[in-house]
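Order of the sequence lines sets the chain letters (A, B, ...), proteins ahead of strands, with each chain counted from 1.
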There are 2 protein chains.
Amino acid sequence: MNKRSLAILLRARMRPNNNNSTKLALSPLTNEMQSNPQSNQSGSRATQHASQNRQKPQREFEHVRESMSLAISMNKTEVIDSVLNDFSEGYFSLYYENRRRLLLELAKEYDLNRAQVRELIKQYLGVSGEEAHSPGPEDEGVLASFFRIERNLRHALKPKYEALFERLNMHPGGLKFLTILRADILSIIAEENIASLRALDSYLKEKLGTWLSPAALELHQITWDDPASLLEKIVAYEAVHPISNLLDLKRRLGVGRRCFGYLHPAIPGEPLIFIEVALLKNVAETIQEVLWDDPPIPESEATCALFYSISSTQPGLAGINLGKFLIKRVITLVKKDMPHISTFATLSPIPGYIQWLLSKLASQSKLAEDDKSHSSADTSGSTFWENLFEPEEEKAIMDISEEVAAGKNGMEVMLNLLTSSNQEWSKSAELLSVLKTPLLRLCARYLLQEKKRGKALDSVANFHLQNGAMVERINWMADKSEKGLHQSAGIMVNYVYRLEKIEEYAQAYFSSGHIHASDEIHRHVEPWKKPEATAN
Amino acid sequence: MNKRSLAILLRARMRPNNNNSTKLALSPLTNEMQSNPQSNQSGSRATQHASQNRQKPQREFEHVRESMSLAISMNKTEVIDSVLNDFSEGYFSLYYENRRRLLLELAKEYDLNRAQVRELIKQYLGVSGEEAHSPGPEDEGVLASFFRIERNLRHALKPKYEALFERLNMHPGGLKFLTILRADILSIIAEENIASLRALDSYLKEKLGTWLSPAALELHQITWDDPASLLEKIVAYEAVHPISNLLDLKRRLGVGRRCFGYLHPAIPGEPLIFIEVALLKNVAETIQEVLWDDPPIPESEATCALFYSISSTQPGLAGINLGKFLIKRVITLVKKDMPHISTFATLSPIPGYIQWLLSKLASQSKLAEDDKSHSSADTSGSTFWENLFEPEEEKAIMDISEEVAAGKNGMEVMLNLLTSSNQEWSKSAELLSVLKTPLLRLCARYLLQEKKRGKALDSVANFHLQNGAMVERINWMADKSEKGLHQSAGIMVNYVYRLEKIEEYAQAYFSSGHIHASDEIHRHVEPWKKPEATAN
């Protein structure tokens, strides 16, 4: 394929998802067909279907429902390829409301055979009455029937829709179809809390997790020699730093760079997740130097492998952590190929920082106004007031505020600055110098101290911490793109994977939520204390 | 790799298994280490271990037991690679008795948490008391807790050893190790009926079946350009028609031949099952013409794809039907590549025929002597007597018997002939002409009418029939090798896969045991009747 035709192809398909699609975000139901037109044959055929059948959605629905029912109830050895094709093509032709109806029916009508479960429970309690609690090797016959009932009960507790999932998984294109099905389910339960659909989702997620076990995945180094159909996926799914043009793509696959993806044999030509790596002399502080500014160095001089982007391609695999294994394998591979590389770090976005900060600023600045008369000692109670700024930060902000933004206190000024259109604050050297200290300090606090159910509030932080990384450094004006300014005031963070510490850190984070961080990071938060003692 | 070194390699490794290893046969425990020295790293390292540790088996056992326990009980996020390596290396270093002890302990000490199961059953009966039988959309909260208990119960019913299986599956080399573990388990339960070990086996088999779903398998055409390390496996595992030399192997991969294997990404370089195909003008009647006699025809002139050998390589995958999907995919592929091929047939051994016939001859000839006075009408009762021969067959056999083998009746004569050393009968034209008719007739009867639990008694027949084939033709003196004469008096059978009938035939066989067969085959059994009416 020559460059020109590839370029045309890339232009044509570049960023088919809308701009909000962040890592693991859901494609809306109706988008599935548009954004993955070639994801499988059914997709494109279904598009035709859909337009032909616009007039008869009810009939179409009934047909899909029948094929679904058939696909579940047909007996094991029947070759049900045509039924499964029918079902998946039919499903693609349905619009949101009918997909929702169908999935609800699947969740409700095809769950357990509860009469059978109760019958087996009765048998179980009967047999296990006395001997079960301490089954000895006495009577192999009793034990055998005991194990048999347990197995039957285990099977009876499997919902009937498992048959559909299992069959689709064995069917060409079926695994991909299941991920689309789950993406749809996730969209629905994001809107409505439906217990049976949640149960179905958790079941399907478990199944997908088994089928996509790392043992079944192939690590593939993606290069410029790969087919355009695969490279197109990289362009389409790169969720962290959009690929702007052909040169950009080529550079990310060229000298001093690596790109690795996990492929599943049942979803060929489409990595489920991929990671982009830059080989550098030092841990980069800004994304600009990685993507555009610095020419690549000779690979033999690199000492650092920087993971600057990791993107999942399948919204339907949300919650299944493929990245953890990918990072581990990539580290092992790079280390083996290039023993001179000793540092494995990331340059990561902080997607939740500004959102958190804005809500914090809004609520605190309101409290500050309400309680203006209160002394700061009077802060007990459920909604206690705190000034997010140090006194000297507050003073500096108020000093400058008159010229640029109104506000009764520092927090309100910052709120107004951060929400002003076009991120004007980022264009003023004076504002930048005033805001730098508090924004970095609050960012460190956000990363180290803001938790949800004992885990880091920031999704990317949580991802790397559970994989065993530590928080190494935060970098001012590291991503000046609109998205970077919007998400995290342009701040990016380096997480570092220390090979010999990965297990220990992952374990500490898992069991107690402990976040390992460098002294430098700790000093942002509490400059007067010894860092490790206050880290948790 | 040049031919000479490949030849040396092949000679060195040719047929490492003993001669009894038939399709899906088990390698005995102690053979695993010898016959698969390169199956994974642990294997060879373990061999060293074993010799070093010959003096301290008990200490070694304790060590493996501890690593097994650790591998099961460690918590989810801990990186347990080293523990799993420890366990698998340790396991390989154990001898039969200690492996057996370990597996028994795994089956007995790591099954269910029964106290938890009972507790959840109590909760389940509590919640499901009234509303569960017809859970409506009324109260999402009740439903949610209901689904939660069901999920918990489902999880509690999973044995603790599942963690070990799941972890090994995700671990490099782990899937292969699990198949070896299962091969060992199968050897043990073939000797002793241990309920808990049977339960463990059925659980592991189910898991392996999921992990080896056809979706995770890659169809690979094996050619002369493949690495010697892979070709070596073909030589080692070809179970139907042993590969005698390099030329033989090369011919099976050359013009007019195809060889396809299923590979799993986690077990690289080693097909789990492979099939050998010959492209021919007509369905072959003898294996000699396929393997040696006839030069290959130009592929464009072929009208028949003949499957002449299908071999599983992993004893630990016994009972997991990978062949069914392999055959279906190979048919589709060949049909697509070569539309001029219209017949898909096999030339298959009949491994159980002579064994069945001998036991039949022995029991019936004894009954014939005991009941010599009885008329043939007097054959009621539980062990009824029948003469396996037609009157003219009996006469011909008795006529010739004086010269070659003693016997009071035709059945005893045949029994003596078939069990005589060196298959002498097969060297006499006279004997061959006398024996041909009854041996073919009884073979057709064996294939069509001898059942076990409603399925064909012959394992290869059962395999092809459940895949949707029909019995087309039986061929006299089709395999004159020692093995062929021994197994089936040299008779081979052609099964035919009719593309448009595969589903129908598989379904009929599954639901009622009905065996589809050609008129010609039916005429062997009951020459006076219309065939289809008596086929079942």
Side-chain angles (χ1 to χ4, degrees), chain A residues 75-79 108 111-112 114-115 117-118 121 124-125 128 132-133 135 137 140-141 143-144 146-148 150-151 153-154 157-158 166 169-172 174-175 193-196 198-199 202-203 210-211 213-218 264-266 325 328 466 468 502-503 506-507 509-511, chain B residues 75-79 108 111-112 114-115 117-118 121 124-125 128 132-133 135 137 140-141 143-144 146-148 150-151 153-154 157-158 166 169-172 174-175 193-196 198-199 202-203 210-211 213-218 264-266 325 328 466 468 502-503 506-507 509-511:
Chain A
N75 108 25
K76 240 185 192 175
T77 58
E78 281 176 280
V79 183
K108 287 181 176 167
D111 64 341
L112 311 190
R114 300 218 155 75
V117 171
R118 292 172 145 266
I121 282 182
Y124 188 78
L125 294 176
S128 78
H133 257 245
E140 285 292 325
L143 272 177
F146 190 66
F147 288 124
R148 204 191 55 242
E150 278 179 353
R151 195 181 62 224
L153 185 54
R154 194 155 53 223
L157 280 164
K158 290 182 182 175
E166 292 275 359
N169 179 45
M170 297 205 186
H171 181 70
L175 188 60
N193 183 20
I194 305 166
S196 56
R198 283 195 182 277
S202 103
Y203 201 83
T210 317
W211 293 327
S213 117
L217 298 171
E218 278 176 283
H264 191 279
F325 294 97
K328 273 179 58 184
Q466 75 186 6
I502 286 180
E503 300 190 25
Q507 177 56 16
Y509 183 68
F510 175 81
S511 59
Chain B
N75 113 19
K76 241 187 192 173
T77 59
E78 280 177 280
V79 183
K108 288 182 176 167
D111 65 341
L112 311 189
R114 301 218 156 75
V117 170
R118 293 172 144 266
I121 282 182
Y124 187 78
L125 293 175
S128 78
H133 258 244
E140 284 293 325
L143 272 177
F146 190 66
F147 288 125
R148 203 192 57 242
E150 278 180 351
R151 195 182 62 225
L153 186 53
R154 193 155 55 223
L157 281 164
K158 289 182 182 175
E166 292 275 359
N169 179 46
M170 297 204 186
H171 181 70
L175 188 61
N193 182 20
I194 306 166
S196 56
R198 283 194 181 278
S202 102
Y203 200 84
T210 317
W211 293 327
S213 117
L217 297 172
E218 278 176 283
H264 191 281
F325 294 98
K328 273 180 58 183
Q466 76 186 6
I502 286 181
E503 299 190 27
Q507 177 55 17
Y509 183 67
F510 175 81
S511 59

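- A/D111 CG to B/F146 CZ: the interatomic distance, rounded to the nearest 0.5 Å, is 8.0 Å.
- Heavy-atom distances place the side chain of B/S202, and not its backbone, under 4.5 Å from chain A.
- For chain A, the nearby part of B/Y203 is the side chain; its heavy atoms alone come within less than 4.5 Å.
- Counting heavy-atom pairs under 4.5 Å between each of A/N193, A/L217, A/L175 and chain B puts A/N193 at the top.
- With a 4.5 angstrom heavy-atom cutoff, B/L153 touches chain A via backbone and side-chain atoms both.
- In plain terms, the two heavy atoms of B/R154 and A/L112 that are nearest each other are NH1-CD2, 4.2 Å.
- Rounded to the nearest 0.5 angstrom, A/K108 NZ and B/L143 CG are separated by 8.0 Å.
- If you take CG on A/L125 and CZ on B/R118, they are separated by 6.0 Å, rounding to the nearest 0.5 Å.
- Each of B/P172, B/A144, B/S196, B/G468 has some count of heavy-atom pairs under 4.5 Å with chain A, and the biggest count is that of B/S196.
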